[in-house]
Amino acid sequence: MPEPRDDDVTDDRSLLIVLVETNPRTWETSEGKGEGTPASRGLSSVLGATITFLNAFFALNQQNRAVVVAVHGDGCHYLYTSPLGVETDEDGDEAEDARWANKVGGLDPLQSEAGPTILRRLGELNAAETGSSATGAKRDKADSDDGPATSPFAGALSLALCYCNRAQALENAAGLRSKPRILCLQASQDNPTDYIPMMNAIFSAQRQSIPVDAFALGEHDSPFMQQAAHITRGAYVKPTLGDGLLQYLLSTAVMDLRSRAFLKLPAARGVDFRASCFCHNGPSSVGLRVLRLPLRLLRRSSRVRHVRHHIRRPRRSIIDVIDPSSRAISPPRPPARPPARA
Amino acid sequence: MDVNGPSTSHARAHPSDGAFVTFLSTLKDDSLDELYESSVWAVLAALRACDAIGKQIVLRLSFVSGGSIAGAELERWIADGDAGRRATARALGRLSRVRAIERVVDGGEAREANAMEVDVGTRGRDFEEDLERGSFVGTIRVRPAFAAHVRRALERGFVGLDADGGGAEGGDDVVELEVEKKVPDRATLSAYAKSKWEDLLLTLTGASDAFSKPGSKVSGRLDAQALFRAAGLTTSDASGDKKARKRNAGVTAEGFRFLLTTAQEQVWVLLTQYIRDESRTASATSAISFLLRLTFQRPGRAYAMTGVLSDTEQDVVRDLTHLGLLYTFDVKKRWYYVPTLLSSGLSGGFASDDGDNRAMVSAEGHVIVETNYRVYAYTSSLVEMEILRLFTRADYRLPNLYVGMLTRESVQNALRAGVDAEQIVAYLRAHAHKQVRKKKPSVPGTVCDQIRLWARDMMRVRSDECVLYCDFPPVGGFYNAVVAEATKRGALLWRDDIGRKLTVRADAHEAMKPVVAALKQSLGDT
């Protein structure tokens with residue numbers, strides 16, 4: 001056998017899924033954004049950097065594909081999807097011809113529509129929202145009362161994983177392969193009630209070896225994203241220079257999986273592994289109660305009753321009451337608290 | 001840095017570079033710089049042609065003020081371990097071969113200060129020397145013009161990069177509608193490109209003469225035969241009497257290798273040769289930059305020609321139409337061109353040899369290889385059959401099927417003609433049938449190994465003309481001195497210390513004679 005060429009031949013084609021937070025509730029306040037963070041420069045500056053970054057991504061390889069998902073207040077919306085570039089047999093001639101305008105191995109030599117499409121779709125999204133706000137005003141008001149604004153990143157991650165799965169299934173059928181990765185741009189804080197879906201999504205990503213790169217744009221660290229990046233071997237970045245977001249993106253997130261074997265990712269500076277308490281919506285160091293189904297964690301024993309109300313199922317089958325004096329069930333060995341950062 | 005002697009083409013072309021990178025690295029320094037300064041497309045094409053790590057380095061540095069990084073700082077990017085360092089050194093070498101980056105040594109003076117002396121062939125070498133030294137010295141800087149164009153392209157989203165706006169915009173709607181109507185649909189266009197390209201390849205193998213008479217089919221001034229000859233794919237006597245030519249006569253080893261590479265690589269080989277020819281007659285830079293711009297245009301879309309392109313560019317369009325890279329038509333005396341699939345995959349990215357490139361004309365996949373060395377190819381294309389005929393014994397030919405056998409003789413014939421065993425394997429893999437592709441590996445491992453073994457078979461014995469030196473005195477340093485002298489000249493082929501005999505390459509014998517005589521004078525008689 002000839003010796004394998006280790007660094008020259010393999011291509012760097014990838015499928016990148018960008019989850020960018022566009023939730024108006026996050027962006028309309030200045031709360032939690034701090035001084036000098038990318039989030040404090042506003043959504044437009046973040047989008048500008050993201051679009052330039054996407055252009056860089058497209059410039060690298062004609063076969064690179066990107067999907068941009070808006071993580072919005074009411075759910076997730078696709079802002080841009082590169083054509084999959086896989087011919088399926090079901091397509092009639094008409095569909096074929098429609099895509100032909102856009103066709104070199106499925107893709108343009110340069111995908112120049114990404115930026116304009118993203119901005120247009122986002123505009124439509126906002127227009128639809130203001131249109132419906134007359135009817136949904138009451139609900140919005142009720143929502144806005146409970147604490148800081150959060151966005152459904154767990155849902156977005158699941159969406160991204162589903163997309164990867166679909167793209168890979170199509171490509172395998174055509175004898176191609178792609179190397180997907182996910183990039184999260186999060187400005188708000190984590191939503192503690194999302195802990196379980198978030199961890200589920202993270203573990204699925206890990207299982208499929210899809211790295212999740214995470215950018216915390218606001219003032220606060222995001223423990224969920226730290227864990228996502230740590231577990232899936234992606235990069236967690238918390239930019240300190242608001243204007244330099246593009247440079248941060250270009251030096252970490254644009255790296256394809258192949259290059260990651262040769263170039264370093266920024267080192268994580270300590271990951272907050274603490275799980276979230278189900279009822280208190282906050283990180284907890286020691287869990288006292290674990291419910292078997294679904295797996296949930298309680299910080300205080302007195303809240304068991306409250307939980308039972310929530311679940312509405314017979315007590316014995318679900319709640320494993322442990323005498324706090326005998327032994328506390330802790331979450332998968334929480335390590336020491338993250339080191340204080342400078 | 002020591003200055004090499006006259007560089008051979010071997011010294012310039014790095015074996016792992018694709019045809020395009022090789023072409024860029026053989027351009028003269030100032031014309032390459034001029035190209036980057038004038039054409040943003042050239043910059044994008046060069047960026048794409050680099051390998052993954054090179055791209056990362058350029059992207060990171062392009063947005064830094066000054067675009068430079070100290071070598072020591074760069075090392076902190078590299079992952080631990082030898083592989084990372086080696087890959088980075090190679091990437092840097094390739095980047096500096098295409099003059100995307102330069103190294104500034106301490107004192108702020110660019111290395112290129114002595115560019116007059118430094119030969120093209122030594123570009124990028126010093127990074128591999130760095131690897132041996134163990135550290136990257138100096139400061140590495142992306143050339144300002146290169147970085148500026150990368151920034152501009154990314155920030156504008158690839159739109160409006162040309163001074164003239166580009167594209168077929170601006171016409172009135174009626175004309176536009178008519179143009180739209182005239183653009184052929186996808187199937188026609190790819191059939192057109194494919195048949196043109198196959199004709200071209202058949203001309204190379206001598207099975208067709210569609211291209212041999214310049215201007216016979218299309219009014220072009222392009223002589224395909226001359227192009228093949230200039231690219232070293234055929235020898236000059238091949239173009240003599242066509243009737244008397246046997247199949248594949250005059251095709252060089254380079255030519256056989258050419259047949260087996262990807263269509264993308266083939267197009268680049270011919271295009272770069274074409275540009276080289278062109279550079280003698282017209283301004284090379286404008287032709288190259290136009291060509292590179294073409295590679296980024298959308299296939300299946302009409303671009304205006306009359307009144308938009310210069311005369312040189314229109315000539316280029318005509319020649320490329322002849323090759324099947326473009327399709328031209330006219331509406332009311334105004335000419336338009338449509339890029340075909342052949343032209344637009346060209347700047348697709350770093351060429352990969354795993355056959356995934358969908359832009360390739362023949363990537364559809366039609367070959368099934370069985371473990372009993374039988375090869376089935378579902379194709380009606382003459383070229384594909386010709387290529388398979390290179391290394392298989394043809395057994396049957398049905399209207400849509402070619403059946404052949406990989407035998408020792410057939411494979412060794414191909415190897416003797418200059419094809420590489422790896423190329424045969426790569427070709428079979430790249431063109432594997434859709435059904436077979438689902439399996440991994442798509443070509444049975446035993447077959448691949450056997451092809452490689454056959455290749456190794458041929459190198460079991462090598463014959464060299466030589467002269468035997470013997471009858472040395474049984475004691476004394478004379479024998480050892482002669483051995484040392486022969487080794488120094490690289491002429492020693494074999495030695496036997498006990499019998500005191502050695503053989504020397506025959507062509508070195510004359511030069512050795514006086515030396516041996518002198519040694520005998522001083523040592524032999526003692």
Side-chain angles (χ1 to χ4, degrees), chain A residues 1-2 5-13 48 51-56 58-64 85-87 93 96-97 99-116 172-177 246-247 250-251 254-256 258-265, chain B residues 16 44 47-48 51-53 55-56 59-60 62-64 76-80 83-88 90-91 150 153-159 185-186 295-301 341 344-345 347-354 356-360 363 365 422 432 434 437-438 442 449 452:
Chain A
M1 286 291 289
R5 286 171 284 187
D6 54 352
D7 52 352
D8 270 339
V9 173
T10 317
D11 53 357
D12 54 346
R13 193 177 29 169
I51 289 169
T52 310
F53 157 74
L54 277 176
N55 288 335
F58 291 137
L60 291 187
N61 193 319
Q62 180 175 327
Q63 309 281 325
N64 273 351
V86 175
E87 288 132 84
D93 275 345
E96 196 88 319
D97 280 341
R99 280 186 301 166
W100 165 229
N102 200 348
K103 189 89 193 167
V104 185
L107 298 174
D108 268 354
L110 286 169
Q111 298 177 51
S112 55
E113 291 87 10
N172 285 342
L176 301 174
R177 69 195 148 68
L246 176 63
Q247 190 67 40
L250 283 183
S251 51
V254 86
M255 251 200 275
D256 53 285
R258 172 127 193 100
S259 308
R260 288 179 193 215
F262 302 116
L263 298 176
K264 275 182 196 155
L265 284 173
Chain B
S16 59
L44 285 178
L47 179 65
R48 270 195 179 170
D51 53 316
I53 294 167
K55 291 172 187 174
Q56 299 296 331
L59 271 190
R60 287 185 187 190
S62 290
F63 283 83
V64 177
R76 292 172 52 190
W77 288 356
I78 305 169
D80 305 323
R85 300 180 52 81
R86 220 170 37 232
T88 312
R90 259 184 231 200
V150 170
L154 300 189
E155 277 160 7
R156 297 202 181 179
F158 316 121
V159 178
D185 66 355
R186 177 191 176 198
T295 64
F296 284 105
Q297 288 180 338
R298 239 189 219 189
R301 186 166 156 187
L341 283 183
S344 69
S347 293
F350 190 60
S352 66
D353 68 355
D354 54 2
D356 283 357
N357 196 344
R358 305 291 291 179
M360 264 166 44
E422 285 310 311
K434 210 164 77 182
R437 240 176 239 197
K438 286 179 188 158
S442 48
D449 287 349
R452 291 186 191 116

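Protein chains get the first letters and strands the later ones, always in sequence-line order, with residue 1 at the start of each.
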Please look at [X] and chain B and tell me whether the side chain, the backbone, both or neither of the residue comes under 4.5 angstrom of a heavy atom of that chain.
{"X": "A/A56", "answer": "both"}
{"X": "A/F53", "answer": "neither"}
{"X": "A/I51", "answer": "neither"}

Distance alone, cut at 3.5 Å: any donor-acceptor contact between the side chains of B/Q56 and A/D256?
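A/D256 and B/Q56 do have a side-chain donor-acceptor pair below 3.5 Å.
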
Using 0.5 Å steps for rounding, measure from the [atom1] atom of [X] to the [atom2] atom of [Y].
{"X": "B/R60", "Y": "A/L250", "atom1": "CZ", "atom2": "CG", "value": "9.5 Å"}
{"X": "A/L54", "Y": "B/L154", "atom1": "CG", "atom2": "CG", "value": "11.0 Å"}
{"X": "B/L59", "Y": "A/Q247", "atom1": "CG", "atom2": "CD", "value": "9.5 Å"}

Heavy-atom pairs under 4.5 Å with chain A are the metric here; pick the option from B/S62, B/S442, B/A79 that has the most.
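Highest number of heavy-atom pairs under 4.5 Å: B/A79.
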
What's the shortest heavy-atom distance between A/F262 and B/G84, and which atoms?
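Where A/F262 meets B/G84 most closely, the heavy atoms are CD2-CA, 3.6 Å.
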
Between B/K55 and A/L60, which heavy-atom pair has the shortest distance, and what is it?
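Closest approach of B/K55 to A/L60: NZ-O, 2.7 Å.
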
Does any heavy atom of chain A fall under 4.5 Å from the side chain of B/V150, the backbone, both, or neither of them?
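When you check distances to chain A, no heavy atom of B/V150 falls under 4.5 Å.
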
Using side-chain heavy atoms (C-beta onward) and a distance below 4.5 Å, is A/K264 in contact with B/D80?
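A side-chain contact under 4.5 Å exists here.
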
